[in-house]
Participant: 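Quick one: this structure, given as structure tokens, is what I'll be asking you about.
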There are 2 protein chains.
Amino acid sequence: MQDPLLNLAGYLLRRASSAALAELNARLAPLDLRHADVAMLMLAEAWPGLTQSAAGRVLGIQRANMVPFVEHLERRGLLRRRQVDRRSQALELTRSGRMLLKRARRVVSAHEAALLGRVPPGLRPVVVPVLTALWQGGALRDVQRRVRGPSAG
Amino acid sequence: MQDPLLNLAGYLLRRASSAALAELNARLAPLDLRHADVAMLMLAEAWPGLTQSAAGRVLGIQRANMVPFVEHLERRGLLRRRQVDRRSQALELTRSGRMLLKRARRVVSAHEAALLGRVPPGLRPVVVPVLTALWQGGALRDVQRRVRGPSAG
DNA sequence: GCTAGACTGCTATAAACTATAGCAGTCGAT
DNA sequence: ATCGACTGCTATAGTTTATAGCAGTCTAGC
């Protein structure tokens with residue numbers, strides 16, 4: 001009798017994710033960054049002026065949890081909050097945020113290469129499509145909607 | 001400019017995993033079980049007499065965290081600890097554990113079907129191979145080693 | 001204009017989960 | 001008989017995720 005869990009996509013998904021996450025965090029440790037920090041920085045660079053709550057929606061982080069998270073990045077001088085409304089705050093990278101992101105991006109690339117490298121060459125092209133499909137809500141088309149307005153829960 | 005995160009296997013892995021996990025937990029809520037509980041029950045059934053620490057190694061749960069975890073299942077009458085050594089404890093399902101697992105397994109199957117159903121039919125056969133490959137440490141061959149003895153962590 | 005409803009950032013708090021250090025006791029091999 | 005590895009355990013802390021609620025703001029419809 002062999003491990004019945006090893007045929008379950010959900011189980012494999014969880015284990016693969018947590019292993020990859022731990023590995024990425026270890027790789028990022030020298031930069032004193034965590035995976036979520038880099039995601040935030042990459043997002044802020046890609047969409048300058050993105051609102052704090054919009055960023056939360058894209059990243060799947062709740063409004064409440066965005067507060068200390070963004071505060072932390074701001075206190076490190078990587079991110080800046082600019083009042084756009086009297087209620088909304090746009091996020092943008094500082095110069096040092098951009099510089100650190102440059103280094104972080106190299107780490108992420110190495111991590112990605114390591115991940116893909118574990119997959120038999122023939123299967124590599126399907127990795128991203130498979131993961132995208134498994135993550136129901138994450139289709140490319142959805143994102144536009146998410147960024148612009150809420151009610152896309 | 002589109003979301004740069006959506007091309008990263010690591011990011012997609014994390015989002016897909018957390019979405020699937022949340023969904024599974026919601027499905028299991030009526031049984032008052034969480035995903036880890038079911039994994040433990042399935043493991044205990046597949047390998048009767050499995051030691052507590054061995055189970056922890058297989059599931060990637062640390063010894064320290066196994067204690068309250070197993071205690072909880074034992075207090076619910078789903079699992080029993082049997083002294084095998086004067087230091088080791090074997091885990092085995094109780095009758096009611098087996099019965100609940102039966103129901104849980106149906107929930108898990110439905111969840112798996114939902115996951116796979118999101119993937120284009122042509123890609124379905126590669127889902128498990130891709131995830132297995134991405135989860136470096138989880139290859140089938142490793143598991144035997146993990147269960148029998150330590151020093152494989 | 002003005003109001004109702006949706007939205008923003010925020011506080012406070014709790015539930016899970018994960019990780020580390022250390023302890024007493026046990027086992028196996030030399 | 002002893003040394004090193006192992007087991008279950010306590011205690012503790014850090015991380016992440018989730019919920020409820022508040023004051024203030026914006027917008028669409030009347």
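Every chain is numbered from 1, with letters handed out A, B, ... down the list of sequences. In this text the structure is predicted, and so the values were computed from the model without any measurement.
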Participant: Checking B:T94 side chain against B:L78 main chain: does a donor-acceptor pair fall under 3.5 Å?
Facilitator: yes
Participant: Under the rule for salt bridge (charged side-chain N to carboxylate O under 4.0 Å, His left out), what residues qualify as partners of A:R86, not counting sequence neighbours?
Facilitator: none
Participant: Write down the distance between CZ (B:R63) and C1' (D:dA5), rounded to a whole number of angstrom.
Facilitator: 11 Å
Participant: Got a list of protein N/O to nucleotides 15-21 of chain C N/O distances below 3.5 Å?
Facilitator:
residue : atom : partner : partner atom : Å
C:dC17  : OP1  : B:R34   : NH1          : 2.9
C:dA19  : N7   : B:N65   : OD1          : 3.4
C:dA19  : N7   : B:N65   : ND2          : 3.0
C:dA19  : N6   : B:N65   : OD1          : 2.9

Participant: Mind listing the residues from residues 74-93 of chain B sitting with a heavy atom below 4.0 Å of DNA chain D? Number order is fine.
Facilitator: B:R81, B:R87, B:S88, B:Q89
Participant: Among residues at least two apart in sequence or on other chains, which ones pass side chain to side chain donor-acceptor pair (under 3.5 Å) with A:E74?
Facilitator: A:R81
Participant: Quickly work out the B:F69 CZ to D:dT10 P distance and round it to whole Å.
Facilitator: 16 Å
Participant: Partners of B:N7 by side chain to side chain contact (heavy atoms under 4.5 Å, CB included), sequence neighbours excluded?
Facilitator: B:Q2
Participant: Among pairs that include at least one residue of residues 32-43 of chain A, which meet side-chain hydrogen bond (donor to acceptor under 3.5 Å, both in side chains), considering only residues two or more places apart or in two chains?
Facilitator: none
Participant: Could you work out, with side chain to side chain donor-acceptor pair (under 3.5 Å) as the rule, every residue matching A:Q62, not counting sequence neighbours?
Facilitator: none
Participant: Any side-chain N or O of A:R57 under 4.0 Å from OP1/OP2 of C:dT8?
Facilitator: yes
Participant: Tabulate below the donor-acceptor pairs under 3.5 Å that side-chain atoms of residues 108-131 of chain A make, not counting sequence neighbours, or state none.
Facilitator:
residue : atom : partner : partner atom : Å
A:S109  : OG   : A:R105  : O            : 3.1
A:E112  : OE1  : B:A9    : N            : 2.8
A:E112  : OE2  : B:A9    : N            : 3.2
A:E112  : OE2  : B:G10   : N            : 2.8
A:R118  : NH1  : B:L134  : O            : 3.4
A:R118  : NH2  : A:E23   : OE1          : 2.5
A:R118  : NH2  : A:E23   : OE2          : 3.2
A:R124  : NE   : A:L116  : O            : 3.1
A:R124  : NE   : A:V119  : O            : 2.8
A:R124  : NH2  : A:V119  : O            : 3.2

Participant: Which residues pass the side chain to side chain donor-acceptor pair (under 3.5 Å) test with B:R82, not counting sequence neighbours?
Facilitator: B:E92
Participant: Whole angstroms only, please: what is the CG-C1' distance between A:L73 and C:dG9?
Facilitator: 16 Å
Participant: List the residues meeting side chain to side chain contact (heavy atoms under 4.5 Å, CB included) with A:S18, not counting sequence neighbours, and say none if there are none.
Facilitator: none
Participant: What residues, two or more places apart in sequence or in another chain, satisfy salt bridge (charged side-chain N to carboxylate O under 4.0 Å, His left out) together with A:R63?
Facilitator: none
Participant: Rounding to 10 degrees, work out the angle separating the end axes of the helix from C:dG1-D:dC30 to C:dT30-D:dA1 (five pairs an end).
Facilitator: 30°
